[in-house]
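Please read the structure below before turning to the comments.
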Amino acid sequence: MALIPSFFGNRRSSVFDPFSLDVWDPFKDFPSTSETSAFANTRIDWKETPEAHVFKADLPGLKKEEVKVEIEDDRVLQISGERKIEKEDKSDTWHRVERSSGKFSRRFRLPDNVKMDQVKAAMENGVLTVTVPKVEVKKPDVKSIEISG
């Protein structure tokens with residue numbers, strides 16, 4: 001079992017996670033000439049608190065107008081966007097290009113216990129935070145019964 005996490009890129013989430021709709025890409029670390037190769041694998045953290053599911057995505061350099069957060073009817077949260085390629089000036093000499101550009105899209109299947117109509121998203125300092133509140137679990141009323149006799 002120790003080989004599995006390193007084989008799958010040391011991801012914190014399990015590849016067998018029923019809520020993740022991401023597909024493992026065996027070619028993701030291979031060099032590519034595609035403009036979307038690096039930005040396509042946007043990393044997103046998902047934590048569950050007693051009150052909500054919280055998603056955080058690092059999207060440095062993007063404006064909130066360049067990012068879309070959508071929820072489909074079958075409880076699928078989709079975070080997508082695009083970073084445009086910087087305009088090239090013919091007089092410029094590029095020595096290195098490491099910042100990525102292109103489209104990205106990540107999808108997550110939400111559990112049954114969420115309030116889909118109360119989802120909130122905020123962008124601050126290049127970090128997108130999506131908060132999906134959970135349905136309050138009503139504790140059953142316990143009535144004490146007196147024992148006669």
Side-chain angles (χ1 to χ4, degrees), residues 1-140:
M1 291 302 280
L3 293 177
I4 292 175
S6 62
F7 180 74
F8 289 107
N10 286 328
R11 295 182 353 176
R12 276 195 244 172
S13 63
S14 168
V15 293
F16 304 108
D17 182 357
F19 297 118
S20 177
L21 295 179
D22 295 330
V23 177
W24 174 67
D25 181 6
F27 303 106
K28 76 175 178 71
D29 293 325
F30 281 57
S32 171
T33 57
S34 169
E35 68 187 37
T36 61
S37 62
F39 197 53
N41 293 319
T42 299
R43 302 292 185 197
I44 298 179
D45 295 338
W46 174 3
K47 73 175 178 179
E48 182 177 354
T49 67
E51 298 82 27
H53 294 271
V54 180
F55 298 82
K56 288 193 175 207
D58 289 336
L59 303 172
L62 286 183
K63 300 176 193 143
K64 67 180 184 178
E65 296 80 20
E66 298 170 317
V67 179
K68 283 191 346 184
V69 177
E70 302 170 309
I71 293 194
E72 298 172 7
D73 289 334
D74 54 348
R75 295 185 340 271
V76 174
L77 170 69
Q78 179 169 308
I79 300 171
S80 60
E82 181 175 7
R83 178 178 290 146
K84 305 285 186 196
I85 299 174
E86 195 170 316
K87 301 286 185 225
E88 290 187 32
D89 188 349
K90 297 293 181 196
S91 63
D92 292 343
T93 302
W94 290 84
H95 295 281
R96 184 175 295 254
V97 178
E98 294 183 345
R99 295 183 311 133
S100 56
S101 62
K103 295 181 181 184
F104 71 93
S105 179
R106 297 290 306 274
R107 296 166 50 96
F108 301 91
R109 182 170 308 284
L110 298 171
D112 291 331
N113 67 342
V114 297
K115 297 178 182 177
M116 290 181 33
D117 57 337
Q118 296 180 15
V119 176
K120 292 188 178 11
M123 184 89 129
E124 186 175 341
N125 295 326
V127 178
L128 172 69
T129 302
V130 179
T131 305
V132 185
K134 291 167 57 175
V135 174
E136 297 171 16
V137 178
K138 195 172 187 180
K139 294 182 180 178

Working to the nearest 0.5 Å, report the span between NZ of Lys56 and OG1 of Thr129.
4.5 Å
Evaluate the side-chain proximity of Asp58 to Arg43: yes if any heavy-atom separation is below 4.5 Å, no if none is.
no
Which atoms form the tightest heavy-atom contact between Met116 and Ile71, and what is the distance?
CE-CG2, 3.5 Å
Decide, yes or no, whether a salt bridge links Asp112 with Arg75 under the criterion of side-chain N to carboxylate O below 4.0 Å.
yes
How about NZ on Lys134, more than 12 heavy atoms from neighbouring residues, nucleotides or ligands closer than 6.0 Å, or not?
yes
Indicate yes or no: at least one non-hydrogen side-chain atom of Ser105 is less than 4.5 angstrom from one of Gln78.
yes
Are there over 12 heavy-atom neighbours, none belonging to Lys64, within less than 6.0 Å of that residue's NZ?
no
When rounded to the nearest 0.5 angstrom, what distance separates CZ in Arg83 from NZ in Lys63?
11.5 Å
Has Glu65 got more than 12 heavy atoms of other residues, nucleotides or ligands less than 6.0 Å from its CD?
yes
Using the rule given for side chain to side chain contact (heavy atoms under 4.5 Å, CB included), can you reason through Lys115 versus Glu136, listing the C-alpha separation, both sets of side-chain angles and the distance that settles it, and then say yes or no?
CA-CA 9 Å; Lys115 297 178 182 177; Glu136 297 171 16; 4.0 Å; yes
Got Phe55 and Leu110 here, is their nearest side-chain heavy-atom distance under 4.5 Å?
yes
Going by side chain to side chain contact (heavy atoms under 4.5 Å, CB included), His53 matches just one of Leu77, Val130, Asn113, Thr131. Which one?
Asn113
Ignoring hydrogens, what is the shortest heavy-atom contact between Ala121 and Val69? Give both atom names and the distance.
CB-CG2, 4.3 Å
May I have the step-by-step check of side chain to side chain contact (heavy atoms under 4.5 Å, CB included) for Ile44 and Phe104, ending in yes or no?
CA-CA 12 Å; Ile44 298 179; Phe104 71 93; 5.8 Å; no
Is a side-chain N or O of Arg106 found less than 3.5 angstrom from the main chain of Thr42, in a donor-acceptor match?
yes
Just so I know, are the side chains of Glu82 and Lys68 near enough to count as touching, which here means a heavy-atom distance under 4.5 Å?
no
Taking all heavy atoms of Pro133 and all of Ala52, pick out the closest pair and write down the distance.
CA-CB, 3.8 Å
What class does the angle between the rings of Trp46 and Phe108 fall in, given that below 30° is parallel, 30 to 60° is tilted and above 60° is perpendicular?
perpendicular
